[in-house]
Each structure stands twice: as structure tokens, then as C-alpha cells.
Amino acid sequence: RVLIEDVTPYERVMYLDKLAHSSINTNDSSRLMAGYPWIFEAVTQAAYPEPDPLRALVIGGGGYVFPRHLEETRPGSYIEVAEIDPGVTQAAFDEFGLSASTNMRIFNTDGRHRVQDLVDGKEGKEFEPFDMIYGDTINDAFPPYHLFTQEFNEDIATLLNQRGMYLV
């Protein structure tokens, strides 16, 4: 569900199950409106000051607010998003104003599968590690356990450069 907030017709909130997952002001999409994206941004800014482009993987797209923020504030960045639900991705385009001309590479697949594909593809090819990987997959009361295992975290570590960070 995407609801238009009473405060202004430009503020929208995406609910998945019972939890608000994304919020955006469609008049100013660069303004982060929720707490944890501020933390993602502050840590990213400390490690890689703007406007330096990044190589980033975002696991969980939701309203695509944070990956869109990266795209808008860090031109030239390479951004991948793994969002399991194509309906959620479509809602980001339809209701949150994600542009059809986005440069993000969007994979409508489980984050674990995308990470495994990246790990498997490293052998025999030139692989450029990520500066930042963001885990944004918490849903309602039950986090997807397979994205919080030791094995998954080990795979994530192999995809990061020496200064890279994984934020959840």
C-alpha cells in the first residue's frame, strides 16, 4: 500500500505488511525522511565524501528512496538494487516517482540469490568490488533469516573493497 500523507499531498508512505517501509516527499526526493537512511547517509558521507561516486549494492528496494538519493547526490555512481518483489518495484515507479530512465541496475530477485550470483561471477572475470552494501530488508516482525546468516555475511565480505562497509 502507498498512502498519501495528510500533511502534504507530496508526502507518500509505502506500507508492506503492517510496517511503513519507505517515505518520500515527491517534491524533494533528495530529502531523506526516515531515521535509518540518515544513518546510512552519515556513515557513507564519512567514508566517501560527496560528490564522490560509489559502487553500491542495496539489498531491498522498497520505495527505492535511498538508492535514488545516492543516484541523485553522487552522479556517476554504479548502483545495484535487489528487490524480491516486482510489485514493490513497480510501486516505486508508479507512486514514488522513480524515473524509468534511472541508471540503477534493478534485479527483482531475492538478495541472497543476487549476492550468490555476484560471488559466483567473480571467478574468471574482472570484478570490481563494492564500496558500500546496504541491507534494507527488514519486514514487519520477521526479518528474512537467510540474509542474516554467517555464510551470507561471509559472501558479502568478499564483495567489498578494503575500505568497504556493509550497513544493515
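Because only heavy atoms are used, hydrogens play no part in the values below, and waters and symmetry mates are left out as well, while side chains stay in.
Remark: the Thr44 side chain and the Arg74 side chain contain no N/O donor-acceptor pair separated by less than 3.5 Å. For Thr102 and Tyr64, the side-chain atoms include no donor-acceptor pair closer than 3.5 Å.
Across every non-hydrogen atom of Ala82 and Gly111, the tightest pair is CB-CA, 4.1 Å. Taking each heavy atom of Ala56 and Leu70 in turn, the nearest pair found is CB-CD1, 4.1 Å. Residues Pro53 and Pro75 approach most closely at CB-O, 3.6 Å, considering heavy atoms. Residues Arg68 and Leu98 come closest through the heavy atom pair NH1-N, 3.5 Å. The shortest heavy-atom contact between Pro67 and Val58 is CB-CG2, 4.1 Å. The shortest non-hydrogen separation linking Ala92 to Gly62 is CB-O, 3.9 Å.
In this structure, CG on Asp136 lies 10.0 Å from CD1 on Ile59, to the nearest 0.5 angstrom. In this structure, CG in Asp120 is found 11.5 Å from NE2 in His113, a value given to the nearest 0.5 Å. Here Phe152 contributes atom CZ and Gln116 contributes atom CD; the two are 9.5 Å apart, rounded to the nearest 0.5 Å. Distance check: Asp94 CG to Thr89 OG1 gives 11.0 Å after rounding to the nearest 0.5 Å. Taken to the nearest 0.5 Å, the CG atom of Leu159 stands 7.5 Å off from the CG atom of Leu57. In this structure, CG on Leu118 lies 10.0 Å from CG on Asp155, to the nearest 0.5 angstrom.
Taking the side chain as every heavy atom from C-beta outward, Asp117 and Phe107 never approach each other to under 4.5 Å. When side chains are defined from C-beta on, Tyr78 does not count as touching Glu128, because their heavy atoms never get closer than 4.5 Å. When side chains are defined from C-beta on, Met165 does not count as touching Leu160, because their heavy atoms never get closer than 4.5 Å. Side-chain contact between Asp110 and Leu147 is present, with at least one heavy-atom pair separated by less than 4.5 Å. The side-chain heavy atoms of Val115 and Ile133, taken from C-beta on, include no pair separated by under 4.5 Å.
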Worked verdict on Glu71 versus Asn103 for side chain to side chain contact (heavy atoms under 4.5 Å, CB included): CA-CA 8 Å; Glu71 186 175 53; Asn103 288 321; 3.4 Å; yes
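Between Phe66 and Phe40, the ring planes are perpendicular. Angles over 60° get that label, and only those under 30° would be called parallel.
The cationic atom of Arg55 (NZ for Lys, CZ for Arg) does not lie both less than 6.0 Å from the six-membered ring centre of Tyr48 and within 45° of the ring axis.
Within the 3.5 Å criterion, the main-chain N or O of Ala47 finds a donor-acceptor partner in the side chain of Arg163. Using a distance-only test at 3.5 Å, with no hydrogens or angles considered, no donor-acceptor pair links the side chain of Glu50 to the main chain of Gln45. Using modelled atom types, no side-chain atom of Ser77 and backbone atom of Ile79 make a donor-acceptor pair closer than 3.5 Å.
Under the 4.5 Å side-chain heavy-atom criterion for grouping Ile, Leu, Val, Met, Phe, Trp and Tyr, Phe93 is not connected to Ile84 through any hydrophobic cluster.
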